[in-house]
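Okay, so here's the structure we're looking at.
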Amino acid sequence: MLRLIADLLSGISDDKCHVSRHGGEEFVMIFRGCTLTEAKERLDRLRESLAERRLVNRHNDEPFGKITFSAGVADVFDHPDPRAALKAADEALYAAKTGGRNQIRVAPKPGTAR
């Protein structure tokens with residue numbers, strides 16, 4: 001399943017982003033040449049498309065059921081350094097998970113209300 005997700009994430013990049021596994025079931029994507037809004041929209045379209053698919057295990061023909069994901073998105077230029085941007089994206093991901101999952105959340109700019 002993780003390989004499928006990685007392939008799908010790579011597919012939305014147009015060779016203008018880097019996809020890397022970050023921890024157990026988390027990935028980090030660094031988009032180049034697109035806005036924060038465009039990155040969120042790409043991820044949202046992929047999220048919706050994946051949720052509509054009905055995947056089946058090739059080894060035993062058992063359905064996996066509905067596959068969803070959540071994401072947090074941050075603009076590295078809004079933060080003092082890349083680590084701060086990664087932390088902001090991780091906090092947005094956590095907000096997506098606690099807010100019901102299967103959604104994309106954008107991290108607020110530092111100093112703005114959440």
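Since the model is a prediction, treat every value here as computed from it, not as a measurement.
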Nearest heavy atoms of [X] and [Y], plus distance in Å:
X      : Y      : answer
Gly33  : Glu38  : O-OE1, 4.3 Å
Ala92  : Gly72  : CB-CA, 3.7 Å
Gln103 : Arg47  : N-CD, 3.6 Å
Ala74  : Ala107 : CB-CB, 3.8 Å
His79  : Ala88  : CE1-CB, 3.4 Å

[X] versus [Y]: any side-chain heavy-atom pair under 4.5 Å?
X     : Y     : answer
Leu4  : Leu55 : yes
Leu86 : Val76 : no
Ile12 : Arg45 : no
Leu36 : Phe31 : no

**OP:** Check whether more than 12 heavy atoms from other residues, nucleotides or ligands sit under 6.0 Å from atom CZ of Arg54, and answer yes or no.
**Re:** yes
Subject >> Candidate pair Asp90 and Lys87, rule salt bridge (charged side-chain N to carboxylate O under 4.0 Å, His left out), full reasoning >> reply: CA-CA 5 Å; Asp90 194 50; Lys87 183 177 183 207; over 6 Å; no
Original post:
So, Arg101 side chain and Ser70 main chain: donor-acceptor pair closer than 3.5 Å or not?
Top reply: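 A pair under 3.5 Å: no.
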Give the cluster check for [X] versus [Y]: same hydrophobic cluster or not, with ILVMFWY residues linked at side-chain heavy-atom distances below 4.5 Å.
X      : Y     : answer
Ile104 : Met29 : yes
Val106 : Phe77 : no
Leu9   : Leu93 : no
Phe64  : Ile5  : yes

**OP:** Starting from Tyr94, walk the hydrophobic network (Ile, Leu, Val, Met, Phe, Trp, Tyr; side-chain heavy atoms closer than 4.5 Å) and list everyone else you reach, by chain and number.
**Re:**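 Cluster partners of Tyr94: none, it stands alone.
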**OP:** First locate atom CG of Leu46, then atom CZ of Phe69, and finally report the distance between them rounded to the nearest 0.5 Å.
**Re:**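 Between atom CG of Leu46 and atom CZ of Phe69 there are 4.5 Å.
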Original post:
Atom NZ of Lys66 and atom CG of Leu50: how far apart are they, to the nearest 0.5 Å?
Top reply: 10.0 Å
